[in-house]
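Everything below concerns the one structure shown next.
Note: hydrogens, waters and symmetry copies are ignored here, and every other heavy atom, side chains too, is used. Residue numbers start from 1 in every chain, and the chains themselves are labelled A, B, ... in the order their sequence lines are given, proteins ahead of strands.
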Number of protein chains: 2
Amino acid sequence: MAAPQKKTRSTAQKALIRSALETETRFVSAKQLHRRLEDEGASVGLATVYRQLNALARGGDADTITIAETQLFRACSQTEHHHHLVCERCGTAVEIDPPSEDWMRQVAASNGFEITHHVFEIFGLCADCRAAATD
Amino acid sequence: MAAPQKKTRSTAQKALIRSALETETRFVSAKQLHRRLEDEGASVGLATVYRQLNALARGGDADTITIAETQLFRACSQTEHHHHLVCERCGTAVEIDPPSEDWMRQVAASNGFEITHHVFEIFGLCADCRAAATD
DNA sequence: CCGCTAATGGTAACGTGTTTCATTATTTCT
DNA sequence: AGAAATAATGAAACACGTTACCATTAGCGG
Ligand SMILES: [Mn+2]
Ligand SMILES: [Mn+2]
Ligand SMILES: [Zn+2]
Ligand SMILES: [Zn+2]
């Protein structure tokens, strides 16, 4: 039988957080998003920002990466598996394809492993940040 | 002129930590290594374990990965750049080659990025852990 | 409206990892 | 072999991102 599946309610905070994240092209932290919301006059608790960002990530509506012990989020509507090319200065990110799945499975199998998942992110400097770094 | 390069002293704790890490084939956390040391009768402070593991990593004598907000360490004598295939159950790891550097640079360049570094780890279950998971 | 309960938000608690600083011990100097 | 200089240690305090708690608010079906 189907799981009880508790029903979710639509709240103002949920909508605010979602739309704030969607207008952001960079990976942002919960704290950053929280500050931005209160700068815009909205009053949303930090705990709620964490909750909603995690919910979005769980539901596949946001990607997350961790940089310097801090989890960053970015809205994502893409359904296929992908990774990111991230500017380590400003957080701007571009979606990229994963390395060959066949190659990974091959490497794993030859060592007796069965793959469960993988992490892969390329970090660098975007054109803008490189230009800005010209002393 | 050459950097002042402060001189390092050899201590019992440093040797203990280094050799304990070297006998370990799995990725281990500072806490795990600390517990193991005190189980063996050695009395070493946790802060010292952190310090020495970080020093080993900085010096290239240890690899580190982060899993579930915890930093794990493993001795490594390899000098070339590499990655790991890690059993997410027992921590056993195998060193693997990186994906094509040319391909990564190509992807980055076509988006105006200049690569600084990348993270890549494959997680899975090793043969032993798969066998043990047979209900 | 009413009642049920999901959701919120302030705060306390948590876990990992770093910093501080008094104490210990290794190296160097005489 | 002392003695002086100072790197290293260790216990506890701290930093900080994230989660848990729980009393209060508010969405939604009736
Ligand atoms: Mn994405
Ligand atoms: Mn290695
Ligand atoms: Zn940038
Ligand atoms: Zn295993």
Side-chain angles (χ1 to χ4, degrees), chain A residues 3-21 26-59 61-74 88 91 119, chain B residues 3-21 26-59 61-74 88 91 119:
Chain A
Q5 181 178 344
K6 64 185 71 168
K7 59 202 60 166
T8 175
R9 294 178 186 178
S10 57
T11 66
Q13 294 89 335
K14 193 178 296 188
L16 281 173
I17 293 166
R18 181 174 214 119
S19 77
L21 186 67
R26 308 175 301 124
F27 272 91
V28 293
S29 68
K31 193 165 49 171
Q32 287 176 328
L33 206 65
H34 178 248
R35 168 162 297 182
R36 177 183 146 184
L37 285 172
E38 64 180 14
D39 282 355
E40 293 174 349
S43 173
V44 180
L46 179 58
T48 298
V49 175
Y50 273 106
R51 270 190 296 250
Q52 291 305 325
L53 288 180
N54 283 335
L56 289 172
R58 264 199 317 275
D61 293 320
D63 293 330
T64 88
I65 62 174
T66 298
I67 179 171
E69 291 87 49
T70 312
Q71 201 172 10
L72 306 180
F73 300 83
R74 201 181 79 141
E88 64 183 358
V119 302
Chain B
Q5 182 178 344
K6 63 185 71 167
K7 62 201 60 165
T8 177
R9 292 179 187 179
S10 58
T11 66
Q13 294 90 333
K14 192 178 297 188
L16 281 173
I17 294 167
R18 180 174 215 120
S19 77
L21 186 67
R26 308 175 302 123
F27 271 90
V28 293
S29 67
K31 193 165 50 171
Q32 287 175 329
L33 206 66
H34 178 249
R35 168 161 298 182
R36 176 183 148 184
L37 285 172
E38 64 181 13
D39 282 353
E40 292 173 350
S43 174
V44 180
L46 179 57
T48 298
V49 175
Y50 272 106
R51 272 190 291 248
Q52 291 305 326
L53 288 180
N54 282 334
L56 289 172
R58 264 200 315 274
D61 292 320
D63 293 329
T64 89
I65 62 174
T66 298
I67 179 172
E69 292 87 50
T70 314
Q71 201 172 9
L72 306 180
F73 300 83
R74 200 180 79 142
E88 63 184 357
V119 303

Spacing of [X] atom [atom1] relative to [N] atom [atom2], expressed in whole Å:
X       : N      : atom1 : atom2 : value
B/Lys7  : D/dT6  : NZ    : P     : 9 Å
B/Leu53 : C/dT16 : CG    : P     : 15 Å
A/Leu33 : D/dG17 : CG    : P     : 15 Å
A/Gln32 : D/dC16 : CD    : P     : 15 Å
A/Glu38 : C/dT8  : CD    : P     : 17 Å
B/Glu69 : D/dC16 : CD    : P     : 18 Å
A/Arg35 : D/dG17 : CZ    : P     : 11 Å
B/Arg58 : C/dT18 : CZ    : P     : 10 Å

Between [N] and [X], is there an OP1 or OP2 to side-chain N/O distance shorter than 4.0 Å?
X       : N      : answer
B/Thr11 : D/dT9  : yes
A/Ser10 : C/dA7  : no
A/Gln13 : D/dT25 : no
B/Thr70 : C/dG15 : no
B/Lys14 : D/dA8  : yes
A/Lys31 : D/dG17 : yes
A/Gln52 : C/dT8  : yes

(message) Taking the minimum atom-to-atom distance to the side chain of B/Arg9, which one of C/dA7, D/dT6, D/dT9 wins?
(response)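 Closest nucleotide to the B/Arg9 side chain: D/dT6.
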(request) Could you work out which one of C/dG17, D/dT9, C/dT8 sits closest to the side chain of B/Gln71? (result)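 For the B/Gln71 side chain, the nearest candidate turns out to be C/dG17.
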(request) Before giving the answer on side chain to side chain contact (heavy atoms under 4.5 Å, CB included), spell out for B/Asp61 and B/Arg18 the whole-Å C-alpha distance, their side-chain angles and the decisive distance to 0.1 Å. (result) CA-CA 9 Å; B/Asp61 292 320; B/Arg18 180 174 215 120; 2.9 Å; yes
(message) Just to be sure I understand the geometry, which residues of residues 43-51 of chain B put a non-hydrogen atom under 4.0 Å away from DNA chain D?
(response)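 Residues of residues 43-51 of chain B under 4.0 Å from DNA chain D: B/Ser43, B/Val44, B/Gly45, B/Ala47, B/Thr48, B/Arg51.
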(request) Decide whether A/Lys31 and A/Thr70 meet the rule of one side-chain donor and one side-chain acceptor closer than 3.5 Å. (result)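 Result is no, nothing qualifies.
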(message) Counting only heavy atoms not in B/Arg35 (residues, nucleotides, ligands), do more than 12 fall under 6.0 Å from its CZ?
(response)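 No, CZ of B/Arg35 has 12 or fewer neighbouring heavy atoms, counting only those of other groups under 6.0 Å.
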(message) With side-chain contact (heavy atoms from CB on, under 4.5 Å) as the test, pick out the partner of A/Leu53 among A/Val28, A/Leu72, A/Thr48, A/Ile17.
(response)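 Testing each of A/Val28, A/Leu72, A/Thr48, A/Ile17 against A/Leu53, the sole residue satisfying side-chain contact (heavy atoms from CB on, under 4.5 Å) is A/Ile17.
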(message) What I'd like to find out is whether the side chain of A/Leu33 reaches to under 4.5 Å of the side chain of A/Phe73, using heavy atoms alone.
(response)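 Heavy-atom side-chain distance check fails, nothing below 4.5 Å.
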(message) Please report the interatomic distance CG(A/Asn54) to CD(A/Gln71), rounded to the nearest 0.5 Å.
(response)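 Here the interatomic distance stands at 6.0 Å.
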(message) A/Arg36 and side chain to side chain donor-acceptor pair (under 3.5 Å): which single residue from A/Glu38, A/Gln32, A/Glu40 fits?
(response)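 Option passing the side chain to side chain donor-acceptor pair (under 3.5 Å) with A/Arg36: A/Glu40.
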(request) Would you confirm whether A/His34, through its side chain, and A/Val44, through its main-chain N or O, come within 3.5 Å as a donor-acceptor pair? (result)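 Between the backbone of A/Val44 and the side chain of A/His34 there is a qualifying donor-acceptor contact (under 3.5 Å).
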(message) Any base atoms under 4.0 Å from B/Ser29, or only sugar-phosphate, or nothing? Heavy atoms, all strands.
(response)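 The residue B/Ser29 makes no contact with any strand.
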